[in-house]
Amino acid sequence: MEPVTVYTTNQCVYCVMLKNFLLDQNIPFKEINVDQNPRIVQKLIDMTGKMGVPQIEINGKWVVGYDPNQIMKALEN
């Protein structure tokens, strides 16, 4: 299984949906809450050009937003 890192905030409904999707699919992930570490926001902007969450890094590939199809594609490659 590829390493999966999920970047979230406390108030993000889509972040909750994403985490529930990953749990339902038995996909292990590490969560990084950007509310607790605001310096991470600059990393996200540098990597994806986007500020919003959720953002998911799968073995160096990025999926921005809650997009189950793109997440599954990234896991296949």
ask   = Is a side-chain donor or acceptor of Glu31 paired with a backbone partner of Lys19 at a separation under 3.5 angstrom?
value = no
ask   = Which pairs with one or both residues in residues 38-47 pass side-chain hydrogen bond (donor to acceptor under 3.5 Å, both in side chains), sequence neighbours excluded?
value = Tyr7-Lys43, Gln42-Asp46
ask   = Do Ile71 and Val4 share a hydrophobic cluster, counting only Ile, Leu, Val, Met, Phe, Trp and Tyr and linking them when any side-chain heavy atoms are less than 4.5 Å apart?
value = yes
inquiry  = Let me confirm one number: the CG-NZ distance from Leu75 to Lys61, rounded to the nearest 0.5 Å.
reply    = 7.5 Å
ask   = Say you draw a straight line from CG of Leu23 to CZ of Phe29; how long is it, rounded to the nearest 0.5 Å?
value = 4.5 Å
query = Hey, quick one: are Val53 and Ile45 part of the same hydrophobic cluster, counting side-chain heavy atoms closer than 4.5 Å, chains of contacts allowed?
reply = yes
task = Nearest 0.5 Å please: distance from the OG1 atom of Thr9 over to the OH atom of Tyr14.
result = 12.5 Å
inquiry  = In this structure, would Met72 and Ile56 fall into the same cluster of hydrophobic residues linked by side-chain contacts under 4.5 Å?
reply    = yes
query = Any link between Met51 and Val64 through a network of hydrophobic side chains (Ile, Leu, Val, Met, Phe, Trp, Tyr) touching at under 4.5 Å?
reply = no
message = Tell me which pairs pass side-chain hydrogen bond (donor to acceptor under 3.5 Å, both in side chains) where either residue lies in residues 65-74, with sequence neighbours left out.
response = none
key: ILVMFWY cluster, Val63 and Leu18 together (side-chain gap under 4.5 Å)   = yes
remark   = One should read off an interatomic distance between Gln55 CD and Ile32 CD1, to the nearest 0.5 angstrom, of 11.5 Å
key: Separation of Thr8 OG1 from Ile40 CD1 (nearest 0.5 Å)   = 11.0 Å
